[in-house]
Visitor: 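I'd like to ask you about the structure that follows.
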Amino acid sequence: MLRRLAATRYVSPLREGGSLPGIVEADDLGTYVMKFRGAGQGLPALVAEVIVGELGRHLGIRIPDLAAIDLAADIGRFEADQEVQDLLTASVGLNLGIDFLPGSFGYDGYRHRLERSEAARVLWLDAFTANIDRTWRNPNLLLWGRQVWCIDHGAALYFHHAWERSTPERFAAQPYDTKEHILGWAATHAGEADAQLAPMATRLVIDAAVGAVPDEWLAPDPAAARVRYREHLLARLAPPRPWLPVAP
């Protein structure tokens, strides 16, 4: 399970994100980028952040630590920005905190270029989880400590936005388009990444990632929701994996 903390202070909004995430301080004296349950993408985006983030961590991909952070009603009561106050009011309860990386800056592919094998592993994770949000327009990669960190996985696992139209088999067969992916050039090494990562993505690893999601975000039936996520991910992992990136 994720560490559970309480927000002690809302610091500032991050205007770069479409969902208006914000920087908060928590009762462990840490600073976090908070993704709000009241944002437009809702709880499914937080669920995707946790599952993909924990999967990536298990596979050796650098992803900032995650925490579940309680937001009290009084924190947003005196916020001067009405848009932010409305978001905080709509997000009272449990939200997602992502460890803030001070001094980090956005990856652009020029000042620091990932080695092909590492880029292929990130590309594999995105293809496996159907993450469409790592493009040149929005890389969702940070350079911090001379290393590249992956962030923002809320757009992955699209199937949970319409469970009634989704099946594990349909998700397993869905191809992955790399044309807009900032690391699409690494598709030539996708086979090597698959040979390394697929055996590591065991059922136990998938269960651990799905199990890290707080029950509150999977209501009304958390157990049934976890089964559905596990079935979709296991189906996508099964050979022959037609979604694997293919070099142009």
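No experiment lies behind these values; they were computed from the predicted model shown. We're numbering straight along the sequence, starting at 1.
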Visitor: Answer whether the closest heavy-atom distance between the side chains of Val213 and Tyr229 falls below 4.5 Å.
Guide: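 No - every pair of side-chain heavy atoms lies 4.5 Å or more apart.
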Visitor: Closest approach of Gly38 and Ser91, non-hydrogen atoms and distance?
Guide: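 Reported closest heavy-atom pair: N-OG, 2.9 Å.
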Visitor: Is there a donor-acceptor contact under 3.5 Å from the side chain of Trp149 to the main chain of Trp144?
Guide: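 Yes.
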Visitor: Do any N or O atoms from the side chain of Asn95 and from the backbone of Arg37 form a donor-acceptor pair under 3.5 angstrom?
Guide: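 Yes; at least one donor-acceptor contact below 3.5 Å.
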Visitor: Considering all heavy atoms of both residues, which atom of Leu2 and which atom of Ala212 are nearest to each other, and what is their separation?
Guide: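 Heavy-atom minimum between the residues: CG-O, 3.5 Å.
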Visitor: Nearest 0.5 angstrom please: Thr89 OG1 to Ile75 CD1, how far?
Guide: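 Those atoms lie 11.5 Å apart.
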Visitor: Side chain to side chain contact (heavy atoms under 4.5 Å, CB included) between Leu66 and Ile98: does it pass, once the steps are laid out?
Guide: CA-CA 5 Å; Leu66 305 177; Ile98 302 165; 3.6 Å; yes
Visitor: Do you know which two heavy atoms are closest between Gln85 and Gly76, and how far apart they sit?
Guide: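 Heavy atoms of Gln85 and Gly76 come nearest at CG-O, 3.2 Å.
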Visitor: Using a 3.5 Å distance criterion without hydrogens, assess whether the side chain of Arg4 forms a donor-acceptor pair with backbone atoms of Ala68.
Guide: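 Here the side-chain-to-backbone pair does not exist.
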Visitor: For Ala26 and Tyr32, which heavy atoms make the closest approach, and how far apart are they?
Guide: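 The pair with the smallest heavy-atom distance is CB-CE1, 3.8 Å.
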Visitor: Determine yes or no for a side-chain-to-main-chain donor-acceptor pair under 3.5 angstrom, with Ser166 supplying the side chain and Ala162 the backbone.
Guide: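 It does not hold such a pair.
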Visitor: Against Phe36, only a single residue in Leu20, Leu46, Leu71 fulfils side chain to side chain contact (heavy atoms under 4.5 Å, CB included); can you say which?
Guide: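 It is Leu71; the other options fail the test.
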Visitor: With a 4.5 Å cut-off on side-chain heavy-atom distances among I, L, V, M, F, W and Y, is there a chain of contacts connecting Val122 to Leu101?
Guide: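 In one cluster: no.
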Visitor: So, taking the atom named CG in Asp194 and the one named CG in Leu123, what distance separates them when rounded to the nearest 0.5 Å?
Guide: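 Rounded to the nearest 0.5 Å, the CG-CG separation comes out at 11.0 Å.
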Visitor: Which residue pairs pass the ring pair (Phe, Tyr, Trp, His ring centres under 6.0 Å) test when at least one of the two sits in residues 74-103, sequence neighbours left out?
Guide: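 Non-adjacent pairs meeting ring pair (Phe, Tyr, Trp, His ring centres under 6.0 Å): zero.
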Visitor: Here's a test for you: under side chain to side chain contact (heavy atoms under 4.5 Å, CB included), which of Leu87, Asp81, Asp86 qualifies with Glu83?
Guide: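 By the side chain to side chain contact (heavy atoms under 4.5 Å, CB included) criterion, Glu83 pairs with just one of Leu87, Asp81, Asp86: Asp81.
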Visitor: When you look at CZ of Arg170, are more than 12 heavy atoms from neighbouring residues, nucleotides or ligands closer to it than 6.0 Å?
Guide: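 Counting neighbours around CZ of Arg170, 12 or fewer heavy atoms of other residues, nucleotides or ligands fall under 6.0 Å, so no.
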Visitor: Do any N or O atoms from the side chain of Arg3 and from the backbone of Ala67 form a donor-acceptor pair under 3.5 angstrom?
Guide: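 Looks like no, no N/O pair under 3.5 Å.
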Visitor: Go through the steps to decide whether Leu157 and Leu233 satisfy the test side chain to side chain contact (heavy atoms under 4.5 Å, CB included), and finish with yes or no.
Guide: CA-CA 9 Å; Leu157 307 180; Leu233 289 168; 4.0 Å; yes
Visitor: Flag the pair Gln147 / Glu118 as yes when at least one side-chain heavy-atom distance between them is below 4.5 Å, and no otherwise.
Guide: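 Side-chain contact under 4.5 Å: no.
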Visitor: Check for a donor-acceptor pair, side chain of Glu49 on one end and backbone N or O of His153 on the other, with a separation under 3.5 Å.
Guide: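 Confirmed, Glu49 side chain pairs with His153 backbone.
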Visitor: Mind checking whether Trp163 and His160 have parallel, tilted or perpendicular rings, split at 30° and 60°?
Guide: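 It falls in the perpendicular class, over 60°.
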Visitor: For the CD1 atom of Ile23 and the CZ atom of Arg9, what is their distance to the nearest 0.5 Å?
Guide: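 Reported to 0.5 Å precision, the distance equals 10.0 Å.
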Visitor: What is the minimum heavy-atom distance between Ile206 and Ala201, and which atoms define it?
Guide: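 Minimum heavy-atom separation between Ile206 and Ala201: CD1-O, 4.0 Å.
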Visitor: Quick one: OG1 on Thr167 to NE2 on His232, what's the gap to the nearest 0.5 Å?
Guide: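 Interatomic distance, Thr167 OG1 to His232 NE2, rounded to 0.5 Å: 6.0 Å.
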Visitor: Just by distance, do the side chain of Asn131 and the backbone of Leu125 share a donor-acceptor pair under 3.5 Å?
Guide: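 No; zero donor-acceptor contacts below 3.5 Å.
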Visitor: So, Phe128 versus Tyr176, ring centres under 6.0 angstrom or not?
Guide: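 Not close enough - the centres of the two rings lie 6.0 Å or further apart.
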Visitor: What distance do Glu192 atom CD and Leu197 atom CG have between them, rounded to the nearest 0.5 Å?
Guide: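 Atom-to-atom, Glu192:CD and Leu197:CG are 11.5 Å apart.
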Visitor: Take atom CD of Glu115 as the centre, draw a 6.0 Å sphere, and report whether it contains more than 12 heavy atoms from other residues, nucleotides or ligands.
Guide: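 Open: at most 12 neighbouring heavy atoms sit under 6.0 Å from CD of Glu115.
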Visitor: Under a single-linkage definition using a 4.5 Å side-chain heavy-atom cutoff for Ile, Leu, Val, Met, Phe, Trp and Tyr, are Ile151 and Leu143 assigned to the same hydrophobic cluster?
Guide: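 In one cluster with Ile151: Leu143, no.
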Visitor: Treating Ile, Leu, Val, Met, Phe, Trp and Tyr as nodes and any side-chain heavy-atom pair under 4.5 angstrom as an edge, say whether Leu183 and Leu244 lie in one connected cluster.
Guide: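 Yes, same cluster.
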Visitor: Just wondering, do Val205 and Arg57 contact through their side chains at under 4.5 Å, heavy atoms?
Guide: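 Arg57 vs Val205: side chains apart.
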Visitor: Just wondering, do Ile182 and Thr135 contact through their side chains at under 4.5 Å, heavy atoms?
Guide: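 No - every pair of side-chain heavy atoms lies 4.5 Å or more apart.
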Visitor: Using atom types as modelled and distance alone, determine if a side-chain donor or acceptor of Thr188 lies under 3.5 Å from a backbone N or O of Ala247.
Guide: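 Checked: no pair found.
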Visitor: Assign the ring pair Tyr158 / Phe171 to parallel, tilted or perpendicular, where the plane angle (0 to 90°) is split at 30° and 60°.
Guide: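 Answer is perpendicular, since the angle exceeds 60°.
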Visitor: For the side chain of Trp243 and the backbone of Ala130, is there at least one donor-acceptor N/O pair under 3.5 Å apart?
Guide: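 No.
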Visitor: Rounded to the nearest 0.5 Å, how far does CD1 of Ile69 lie from CE of Met34?
Guide: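 Interatomic distance, Met34 CE to Ile69 CD1, rounded to 0.5 Å: 4.5 Å.
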Visitor: If two hydrophobic side chains count as joined below 4.5 Å and joins carry through other members, does Met200 share a cluster with Ile63?
Guide: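 Yes.
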Visitor: Check step by step if side chain to side chain contact (heavy atoms under 4.5 Å, CB included) holds for Asp152 and Arg134.
Guide: CA-CA 9 Å; Asp152 288 352; Arg134 206 180 309 281; over 6 Å; no
Visitor: Between Arg241 (side chain only) and Leu237 (backbone N and O only), is there a donor and an acceptor less than 3.5 Å apart?
Guide: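 Indeed, once roles are kept as given, a pair shorter than 3.5 Å links the two residues.
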Visitor: On a heavy-atom basis, which atom in Leu55 and which in Ala209 lie closest, and how many Å separate them?
Guide: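 Answer, listing the atom of Leu55 first, then Ala209: CG-CB, 3.8 Å.
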Visitor: Could you state whether Leu142 and Ile61 fall into the same hydrophobic cluster, counting links through intermediate Ile, Leu, Val, Met, Phe, Trp or Tyr residues with side-chain heavy atoms under 4.5 angstrom apart?
Guide: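 No, no single cluster joins them.
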